[in-house]
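Here the structure is laid out as structure tokens; the discussion comes afterwards.
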Amino acid sequence: MAVLPIRITGDPVLHSPARPVDRIDDDVRSLVRDLFETMDAAPGVGLAAPQVGVPLRVFTYGWVDESGTRWRGAAINPELWISPPPAGDPDLDEESEGCLSFPGERFGLRRAERAILRATDLEGEPFEIAAEGWLARIFQHEYDHLDGTLYTDRLGERDRRLVAKITRKLGWGGPGASWMPGVDHLEG
Ligand code: ZN
């Protein structure tokens with residue numbers, strides 16, 4: 001097991017669609033262990049394989065909801081159905097999102113309140129989770145990564161200008177930039 005460096009916005013692997021997993025072999029099992037370890041070290045509530053440079057349709061999530069229910073797992077070749085996202089501007093207290101591939105920043109973003117995740121677990125068993133609230137947001141965020149979309153791509157024009165400014169200022173936006181959880185302390 002290993003904590004892996006997390007790719008930062010601009011690296012091509014974050015901006016291209018990932019490909020499906022053909023079979024769950026030792027490489028995929030090892031990848032999922034590393035995703036959990038890296039996600040916990042960051043710390044983050046979700047991590048997608050492209051964020052550690054692997055263009056496969058796999059993500060992990062780990063979240064304890066308001067009622068104390070612990071959600072933790074790996075989603076392989078996921079499908080996602082979402083309710084219509086609400087109209088209007090995001091509430092910055094309740095709807096601010098961050099991303100380990102755009103570390104240290106948060107922006108408000110409206111997301112669907114409900115999502116249904118269908119995926120395969122590490123044992124090859126299909127599962128389905130009907131998620132609400134923050135868990136639904138995590139699934140939408142991680143699923144986006146598998147399509148090469150960052151949450152910053154979904155922001156309004158004003159925030160996108162700010163994102164571009166931060167990207168330039170920090171020297172991000174090109175291939176190869178990454179940070180190391182437990183070493184660089186950019187999150188949490
Ligand atoms: Zn992210």
Side-chain angles (χ1 to χ4, degrees), residues 3-19 21 31-65 71-80 82 85 90 92 94-112 115 117 119 129 131 133-156 159-160 162-164 166-167 170 172-188:
V3 173
L4 301 174
I6 297 177
R7 303 293 174 97
I8 289 173
T9 186
D11 197 289
V13 73
L14 293 171
H15 306 284
S16 329
R19 51 171 204 273
V21 171
L31 167 67
V32 167
R33 280 196 299 272
D34 290 347
L35 284 173
F36 275 121
E37 198 173 336
T38 305
M39 176 180 80
D40 291 343
V45 295
L47 188 65
Q51 293 182 274
V52 297
V54 179
L56 287 176
R57 299 186 77 82
V58 180
F59 68 74
T60 55
Y61 57 92
W63 167 247
V64 179
D65 70 19
W71 301 91
R72 190 174 172 86
I76 297 169
N77 296 338
E79 296 172 30
L80 196 73
I82 60 171
L92 294 182
E94 299 287 332
E95 301 177 280
S96 279
E97 199 165 308
C99 178
L100 298 175
S101 293
F102 201 88
E105 303 291 337
R106 298 182 79 76
F107 292 95
L109 178 63
R110 297 236 112 169
R111 291 280 197 184
L117 172 73
I129 296 173
W134 204 262
L135 185 63
R137 179 180 292 270
I138 293 168
F139 289 164
Q140 290 168 76
H141 181 112
E142 299 311 327
Y143 187 87
D144 269 355
H145 275 301
L146 306 184
D147 287 339
T149 301
L150 298 188
Y151 88 106
T152 48
D153 299 330
R154 293 188 177 275
L155 300 175
D159 281 343
R160 281 210 310 274
L162 193 50
V163 161
I166 293 167
T167 301
L170 296 178
W172 297 343
S178 67
W179 66 284
M180 195 64 195
V183 177
D184 294 326
H185 302 293
L186 294 184
E187 283 283 316

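Along the sequence shown, the residues carry numbers beginning at 1. Indexing begins at 1, ligand by ligand and atom by atom, following the structure's order.
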Check whether any side-chain heavy atom of Arg106 sits under 4.5 Å from a side-chain heavy atom of Leu92, and report yes or no.
->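 Side-chain contact under 4.5 Å: no.
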May I ask you to test the Tyr151-His145 pair for a side-chain heavy-atom distance under 4.5 Å?
->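 Counting from C-beta outward, Tyr151 and His145 never come under 4.5 Å.
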Look at the rings of Phe139 and Tyr61 and say which category their plane angle falls in: under 30° parallel, 30 to 60° tilted, over 60° perpendicular.
->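 Perpendicular: the ring planes of Phe139 and Tyr61 meet at over 60°.
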Give me the ring orientation class for Trp172 and Phe102: parallel if the planes are under 30° apart, tilted from 30 to 60°, perpendicular past 60°.
->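 Ring orientation, 0 to 90° scale: perpendicular.
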Quick one: name the protein N/O/S atoms under 2.8 Å from the Zn ion (ligand 1), chain by chain.
->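 Within the sphere that stays under 2.8 Å of the Zn ion (ligand 1), the protein atoms of type N, O or S are Cys99 SG, His141 NE2, His145 NE2.
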What do the steps show when you test Glu95 against Arg110 for salt bridge (charged side-chain N to carboxylate O under 4.0 Å, His left out), and what is the final call?
-> CA-CA 6 Å; Glu95 301 177 280; Arg110 297 236 112 169; 2.9 Å; yes
Would you find a donor on one side and an acceptor on the other, under 3.5 Å apart, between the side chain of Asp144 and the backbone of Thr149?
->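 Side chain of Asp144 to backbone of Thr149, a donor-acceptor pair under 3.5 Å: no, none is there.
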